[in-house]
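Counting starts at 1 for both ligands and their atoms, following the listed order. For the single chain, residues carry numbers from 1 onward in sequence order.
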Amino acid sequence: MASAEEWVYSKMNKYPKSLESLIESFQHLPGVGKKTAERFALYTLFNMTDTDVEDFSNILASIKKDIHICPSCGNICEDEYCSICSNPKRDHSSILVVEGIKDLIAIENTSQYDGIYHVINGAINFSKGITIDDLNIDSLIEKVKKGNVKEIILATNQTLEGETTARYIKELLRDFNVKVTRLASGLPVGGDISYADEMTVVKAFEGRREY
Ligand SMILES: [Zn+2]
């Protein structure tokens with residue numbers, strides 16, 4: 001027996017099924033609630049041209065297929081290796097360690113760094129059960145083991161998690177002949193690198209210290 005609320009809901013006017021599905025799909029996006037999803041769906045239906053919708057759906061369909069993770073650094077790319085790893089003009093002896101791809105892009109946009117990156121894909125967070133084993137760190141150590149790396153710049157966020165992660169990595173690198181530095185000055189404590197403005201990142205680079 002349906003409850004009174006369920007009965008009322010079942011009698012309410014709803015959108016056609018396909019539009020309801022589109023609303024539900026938009027709701028999968030972060031920060032998009034029912035009302036915004038409804039607005040997006042109605043906009044798609046009434047304001048986008050057939051070509052716009054077709055292009056959009058083609059891009060959506062291909063993105064998971066065409067983009068993969070660079071096996072060397074964890075960046076995203078369409079070719080076998082990312083454009084940074086495969087660029088011989090970059091300094092492959094300097095590796096900048098970031099938590100996520102957004103941080104890599106933020107630093108890359110400053111044009112202040114000509115080394116390569118390593119995306120560890122998160123940070124240690126004991127309350128969420130995320131340990132060093134869940135991060136992309138083994139391949140970083142492998143790279144250092146090969147002996148061509150001179151400097152590892154730890155650019156994890158200035159948060160408890162980012163700091164803990166930086167300490168762990170430093171510990172793992174203790175026995176290798178590699179300089180370990182940390183981006184620090186200028187970046188706000190508790191801050192996310194990807195939100196820092198360009199000048200702040202530039203200053204953080206200049207002020208990086210031995211860790
Ligand atoms: Zn790469």
Side-chain angles (χ1 to χ4, degrees), residues 30 59-125 130-159 161-184 187 191-198 200-202 204-206 208 210-211:
I59 291 167
L60 275 184
S62 68
I63 200 141
K64 294 286 270 187
K65 185 158 54 72
D66 294 345
I67 293 190
H68 64 268
I69 304 292
C70 171
S72 179
C73 74
N75 189 8
I76 44 175
C77 56
E78 286 179 317
D79 298 320
E80 190 184 355
Y81 289 94
C82 76
S83 57
I84 299 170
C85 286
S86 52
N87 183 349
K89 289 191 182 130
R90 305 286 298 221
D91 176 5
H92 287 243
S93 72
S94 169
I95 302 180
L96 191 132
V97 178
V98 287
E99 289 182 23
I101 285 149
K102 276 199 303 177
D103 305 322
L104 182 158
I105 300 292
I107 292 171
E108 200 54 15
N109 281 340
T110 67
S111 309
Q112 293 297 307
Y113 178 66
D114 69 346
I116 57 170
Y117 293 86
H118 193 87
V119 183
I120 57 172
N121 235 347
I124 293 171
N125 189 325
I130 303 169
T131 69
I132 195 97
D133 297 331
D134 298 309
L135 305 175
N136 176 31
I137 288 176
D138 289 351
S139 55
L140 174 69
I141 307 297
E142 286 307 312
K143 258 189 250 175
V144 175
K145 269 187 192 162
K146 284 183 186 152
N148 300 321
V149 181
K150 291 196 188 96
E151 183 178 3
I152 297 279
I153 306 165
L154 298 171
T156 48
N157 292 334
Q158 305 285 318
T159 55
E161 293 79 19
E163 201 57 50
T164 308
T165 309
R167 293 226 177 101
Y168 261 84
I169 299 174
K170 162 79 182 163
E171 196 52 34
L172 291 172
L173 294 169
R174 203 176 49 171
D175 297 331
F176 297 100
N177 182 26
V178 61
K179 185 177 168 191
V180 181
T181 57
R182 173 104 172 99
L183 287 196
L187 288 177
D192 184 328
I193 287 168
S194 66
Y195 292 132
D197 64 86
E198 201 168 307
T200 310
V201 175
V202 171
F205 251 106
E206 289 167 353
R208 74 180 187 272
E210 195 115 13
Y211 191 59

Check: So do Glu108 and Ile84 actually touch side chain to side chain, heavy atoms under 4.5 Å?
Finding: yes

Margin query: Ignoring waters, how many N, O or S atoms from the protein are under 2.8 Å from the Zn ion (ligand 1)?
Written below: 4

Notebook entry, point to check: Per the side chain to side chain contact (heavy atoms under 4.5 Å, CB included) rule, which among Leu135, Leu154, Val180 passes with Ile169?
Noted result: Leu154

Checklist line | Rounded distance (nearest 0.5 Å) linking atom CD of Glu99 with atom CG of Asn136 | finding: 13.0 Å

Margin query: How close do Glu80 and Pro71 get, counting heavy atoms only, and between which atoms?
Written below: O-CD, 3.2 Å

Next item on the list: For residues Val119 and Asn75, report the shortest heavy-atom separation together with the two atoms involved.
Entry: CG2-N, 4.0 Å

Next item on the list: Check whether any side-chain N or O of Gln158 sits under 3.5 Å from a backbone N or O of Leu183 as a donor-acceptor pair, and report yes or no.
Entry: yes

